[in-house]
Amino acid sequence: MLKKSLMILVPLIAFAAGAFGGLQLKPGKEISQAGHDGGEHDSRAEPTNDHSDNGQISGKPDGGHDADEQAAKEPPETFTFPSQFFVPLVRRGDSDGMMIMTISLQTTHEELEQLARQEHRLRDILLRQLLIIANTGGFDGNFTTEGRQRSLRKTLLEALQGNFGENVTGILIEDIARQGR
């Protein structure tokens, strides 16, 4: 009885702690750097457009000239999910821990709004793939090596591109942690 209660209670506590921690880590307002000349543009301090109801979308506003030329000059835009992914690790019917991840997607400026509107579908596709990876031992051992992280990004990107076409051009894993029993 106690074991069954813990199977439900531990993930709920982990979810609540992760949600609270995620709220604490939201990016703040831009802070100008000391010693910055007023006439120069600091390329590190780019404006962001926050959409709290559909994740965070960052990037530059559209200048309006030739879109292809501008796309070649600007870095990819980023869509950040507003909450973390929680992936249970189950072995032989017992909870072995949980993977907690923060994932962002690289895309073009034109696709940002479409991805924001499809946030729930995107989360479902990614979570489905993460569960498959977890159930096949993808998070066993040292899951932080470059080879395993590259494989994880590739698998998640292929899953998204299979459902959304080439709208998503990259996967960014911003935070990853394994919480044991």
Side-chain angles (χ1 to χ4, degrees), residues 11 14-15 18-19 21-23 25-27 46 48-60 62 67-180:
F15 176 76
L23 289 174
L25 296 176
K26 278 192 174 182
E46 297 181 88
T48 60
N49 299 325
D50 289 340
H51 297 278
S52 60
D53 60 333
N54 286 330
Q56 297 171 5
I57 301 173
S58 63
K60 298 178 184 175
D62 188 8
D68 292 333
E69 183 179 309
Q70 190 174 11
K73 291 180 183 177
E74 291 183 14
E77 304 289 336
T78 305
F79 173 78
T80 301
F81 289 96
S83 60
Q84 298 171 318
F85 288 81
F86 294 88
V87 184
L89 303 174
V90 179
R91 296 288 176 259
R92 295 186 255 346
D94 291 330
S95 176
D96 192 34
M98 181 150 329
M99 290 300 300
I100 303 168
M101 303 175 69
T102 303
I103 298 175
S104 294
L105 309 177
Q106 284 184 332
T107 188
T108 62
H109 179 73
E110 294 79 26
E111 301 295 333
L112 279 175
E113 291 301 323
Q114 179 184 356
L115 290 180
R117 286 190 302 271
Q118 298 292 325
E119 176 195 343
H120 299 292
R121 283 188 60 215
L122 291 166
R123 283 189 74 84
D124 178 63
I125 292 166
L126 290 173
L127 187 57
R128 239 183 297 156
Q129 197 63 42
L130 288 167
L131 289 170
I132 291 170
I133 292 167
N135 289 327
T136 57
F139 295 121
D140 292 347
N142 187 358
F143 60 92
T144 61
T145 63
E146 177 57 33
R148 291 184 83 178
Q149 289 293 302
R150 188 179 324 113
S151 174
L152 176 61
R153 285 185 192 97
K154 181 181 177 198
T155 302
L156 295 176
L157 182 61
E158 288 172 353
L160 286 176
Q161 287 180 340
N163 288 283
F164 283 92
E166 301 295 319
N167 296 352
V168 178
T169 58
I171 302 287
L172 302 173
I173 300 173
E174 296 180 15
D175 295 313
I176 185 168
R178 179 172 48 206
Q179 179 182 8

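Small disclaimer: the values here were computed from a predicted structure and weren't measured. These values consider heavy atoms only, across backbone and side chains, with no hydrogens, waters or symmetry-generated copies.
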Among residues two or more places apart or on two chains, list those pairs meeting side chain to side chain donor-acceptor pair (under 3.5 Å) that have a residue in residues 144-156.
-> Asn142-Thr144

Does the pair Leu130 and Ile103 meet the rule for a side-chain contact (heavy atoms from CB on, under 4.5 Å), with working shown?
-> CA-CA 11 Å; Leu130 288 167; Ile103 298 175; 4.2 Å; yes

Leu126 side, atom CG; Leu131 side, atom CG - distance, nearest 0.5 Å = 11.0 Å

First locate atom CD of Gln129, then atom CZ of Phe85, and finally report the distance between them rounded to the nearest 0.5 Å.
-> 12.0 Å

Give the minimum heavy-atom separation between Ala134 and Pro88, together with the two atoms involved.
-> CB-O, 4.0 Å

Partners meeting salt bridge (Lys or Arg N to Asp or Glu O under 4.0 Å) with Arg128 (sequence neighbours left out) | Asp124

Identify all side-chain donor-acceptor contacts of residues 157-174 below 3.5 Å with residues at least two apart in sequence or on another chain.
| from | atom 1 | to | atom 2 | distance (Å) |
| --- | --- | --- | --- | --- |
| Gln161 | NE2 | Glu166 | OE1 | 3.4 |
| Gln161 | NE2 | Val168 | O | 2.9 |
| Asn163 | ND2 | Ala159 | O | 2.9 |
| Asn167 | ND2 | Glu111 | OE1 | 3.4 |
| Asn167 | ND2 | Phe164 | O | 3.2 |
| Thr169 | OG1 | Gln106 | O | 3.2 |
| Glu174 | OE2 | Ser104 | OG | 2.2 |

Side-chain heavy-atom pair Thr107, Leu112 within 4.5 angstrom cut-off | yes

CZ on Phe139 to CG on Leu152, rounded to 0.5 Å | 5.0 Å

Contacts of Gln118 meeting side chain to side chain donor-acceptor pair (under 3.5 Å) (sequence neighbours excluded), chain-then-number -> Arg121

Under the side chain to side chain contact (heavy atoms under 4.5 Å, CB included) test, which residues partner Arg178, sequence neighbours left out?
-> Leu89, Met99, Phe143

Side chain to side chain, Glu77 and Leu115, heavy atoms closer than 4.5 Å | no

Pairing residues for Asn135 by the side chain to side chain donor-acceptor pair (under 3.5 Å) criterion, not counting sequence neighbours = none

